Amino acid sequence: MGHGELRGVVALDGPSGTGKSSVARRLASTLGARYLDTGAMYRAITLAVLRAGVDLADPAEVTRVARAATLVQGTDPERSTTHLDGADVGVEIRGPEVTLAVSPVSAVAEVRALLVAEQRRVIATALDDAGGIVVEGRDIGTVVAPDAALKVYVTADAEARAARRAKQDAASGRASTLDATLADVQRRDAYDSTRAVSPLRAADDAVVLDTTSLDLAGVLAALLALVDEHGLLAQPSGRVHG
Ligand SMILES: Nc1ncnc2c1ncn2[C@@H]1O[C@H](COP(=O)(O)OP(=O)(O)O)[C@@H](O)[C@H]1O
Ligand SMILES: Nc1ccn([C@@H]2O[C@H](COP(=O)(O)OP(=O)(O)O)[C@@H](O)[C@H]2O)c(=O)n1
């Protein structure tokens with residue numbers, strides 16, 4: 001069934017394991033739109049910082065590495081790619097070393113300023129090229145795209161989120177216990193929600209969507225309904241996406 005094409009920006013924010021990435025990608029794909037994974041960008045900068053071997057607690061050093069890095073985040077929902085200094089780092093940025101270090105790197109104000117500027121540039125290009133984009137992260141509705149046509153704050157109980165993450169880790173060959181995964185999820189949520197710069201929070205005008213008892217199809221259906229209710233669907237234009 002045709003759903004029409006997305007017009008404008010859909011901002012999805014929320015903590016880890018709520019289903020943002022999976023469903024943002026599907027939503028964009030279904031609606032002929034672009035998709036931006038901002039978490040992948042913070043992860044790639046974190047990888048650069050780890051490779052450089054600088055002290056994570058030294059914001060000036062972290063900023064220096066971030067400024068020197070060349071980051072290209074693709075927006076094709078069928079194949080979301082992340083290139084750091086010309087190399088594909090899509091697998092490495094999901095590893096435990098990066099996951100452990102990403103919150104402190106993301107808390108550095110200059111790193112956020114650099115990435116927010118790049119994210120706004122990518123969003124503007126995508127709107128010109130495709131008419132619509134689904135952007136996913138922690139501060140999209142509050143900071144990156146405060147004028148987004150639809151903002152959704154995606155939540156789920158920490159236990160449900162940890163169970164999803166543990167299952168995902170097992171599927172990709174990374175052994176992890178549920179307890180350790182729950183601790184990791186809670187640690188990262190606490191860090192992201194309490195940092196001084198752009199903490200994780202729902203925008204005042206965001207719709208809150210609790211995915212605890214929904215499967216992915218249910219979450220996608222709920223989002224499609226919201227997009228439609230907000231009048232963001234246009235008939236396909238025959239535009240060539242490239
Ligand atoms: N509603 C859901 N029901 C079942 N599994 C889900 C649901 N949402 C996400 N998942 C699974 O949980 C894992 C984490 O989802 P992901 O989209 O990466 O979350 P986020 O981007 O919010 O961290 C993935 O393996 C995904 O398939
Ligand atoms: N817009 C964003 C996106 C991610 N992040 C940071 O990047 C980390 C990784 O984001 P992610 O979306 O890849 O995390 P997962 O929920 O997929 O594990 C988060 O824990 C935040 O610290 C951020 O600060 N702002």
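Counting convention: from 1, in listed order, for ligands and their atoms alike. Remember, it's a predicted structure, so these values are computed and weren't measured experimentally.
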Can an N or O of [X] be found at a distance shorter than 3.5 Å from an N or O of ligand 2?
X      : result
Tyr42  : no
Arg165 : yes
Arg112 : yes

>> With nothing but distance in play, are any N or O atoms of Val23 less than 3.5 Å from an N or O of ligand 1?
In response: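 N/O-N/O distance below 3.5 Å does not exist for this pair.
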
How far is [atom] from the closest protein heavy atom, and which atom is that?
atom                    : result
atom 8 (N) of ligand 1  : Leu216 CD2, 3.3 Å
atom 9 (C) of ligand 1  : Gly19 CA, 3.5 Å
atom 3 (N) of ligand 1  : Leu214 O, 3.4 Å
atom 23 (O) of ligand 1 : Gly17 N, 2.8 Å
atom 12 (O) of ligand 2 : Arg138 NH1, 3.2 Å
atom 22 (O) of ligand 2 : Asp192 OD1, 2.7 Å
atom 3 (C) of ligand 2  : Thr38 OG1, 3.4 Å
atom 24 (C) of ligand 1 : Gln168 NE2, 3.5 Å
atom 18 (O) of ligand 2 : Arg188 NH2, 2.8 Å

Pick from [options]: the one approaching [atom] most closely through a non-hydrogen atom:
atom                    : options                    : answer
atom 18 (O) of ligand 1 : Glu136, Lys20, Arg165      : Arg165
atom 4 (C) of ligand 2  : Gly17, Pro15, Gly19, Gly39 : Gly39
atom 7 (C) of ligand 1  : Arg164, Arg26, Arg94       : Arg164
atom 6 (C) of ligand 2  : Ala24, Ser106, Pro199      : Ser106

> Do you know the tightest heavy-atom contact between Leu71 and Leu115?
Replying inline: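 Scanning both residues, the minimum pair turns out to be CD2-CD2, 3.7 Å.
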
> Which heavy atom in Tyr153 sits nearest to a heavy atom in Pro15, and how many Å separate them?
Replying inline: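 Taking Tyr153 first and Pro15 second, the nearest heavy atoms are OH-CD, 3.9 Å.
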
> Are Val227 and Val154 in one and the same hydrophobic cluster, where Ile, Leu, Val, Met, Phe, Trp and Tyr link if side-chain heavy atoms are under 4.5 Å apart?
Replying inline: yes

Could you check whether any side-chain heavy atom of [X] comes within less than 4.5 Å of a side-chain heavy atom of [Y], counting everything from C-beta outward?
X      : Y      : answer
Ser29  : Tyr35  : no
Arg112 : Tyr42  : yes
Thr125 : Arg34  : no
Leu31  : Leu224 : yes

>> Pairing donors with acceptors under 3.5 angstrom, does anything connect the side chains of Asp179 and Thr177?
In response: no

> Going by distance alone, is a donor N or O of one side chain under 3.5 Å from an acceptor N or O of the other, for Arg164 and Ser22?
Replying inline: no

> Do the charged groups of Arg165 and Asp184 touch, with an N to O distance under 4.0 Å?
Replying inline: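 No salt bridge links Arg165 with Asp184.
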
Just heavy atoms, cut-off under 4.0 Å: does [X] contact ligand 2 by side chain, backbone, both, or neither?
X      : result
Arg187 : neither
Arg195 : side chain
Arg43  : side chain

> Looking at Glu92, Gln73, Arg43, which hits side chain to side chain donor-acceptor pair (under 3.5 Å) with Thr82?
Replying inline: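 Among Glu92, Gln73, Arg43, the one that satisfies the side chain to side chain donor-acceptor pair (under 3.5 Å) with Thr82 is Gln73.
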
Show which atoms of ligand 1 fall inside a sub-4.0 Å distance from at least one heavy-atom site of [X].
X      : value
Pro15  : 22 (O)
Val219 : 1 (N)
Ser22  : 15 (O), 16 (P), 17 (O), 26 (C), 27 (O)
Ser16  : 23 (O)

Using a strict cut-off of 4.0 Å, indicate which atoms of ligand 2 neighbour a heavy atom of [X].
X      : result
Ser16  : 15 (P), 16 (O), 18 (O)
Arg94  : 13 (O)
Gly137 : 1 (N), 3 (C)

> With Lys151, which of Asp205, Asp204, Asp139, Asp13 fulfils salt bridge (Lys or Arg N to Asp or Glu O under 4.0 Å)?
Replying inline: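 Going through the options one by one, the only one that passes is Asp205.
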
> With respect to Asp37, which candidate in Arg94, Arg79, Arg138, Lys20 satisfies the salt bridge (Lys or Arg N to Asp or Glu O under 4.0 Å) definition?
Replying inline: Arg94

> In Å, rounded to the nearest 0.5 Å, how long is the span from OG1 of Thr38 to CG of Leu12?
Replying inline: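 The distance works out to 10.0 Å.
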
> When rounded to the nearest 0.5 angstrom, what distance separates CG in Leu209 from OG1 in Thr18?
Replying inline: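 If we round to the nearest 0.5 Å, Leu209:CG and Thr18:OG1 are 9.0 Å apart.
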
>> Determine whether a donor-acceptor pair (N or O, by modelled atom type, separation under 3.5 Å) exists between the side chain of Asp210 and the backbone of Thr212.
In response: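 Looks like yes, one N/O pair under 3.5 Å.
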
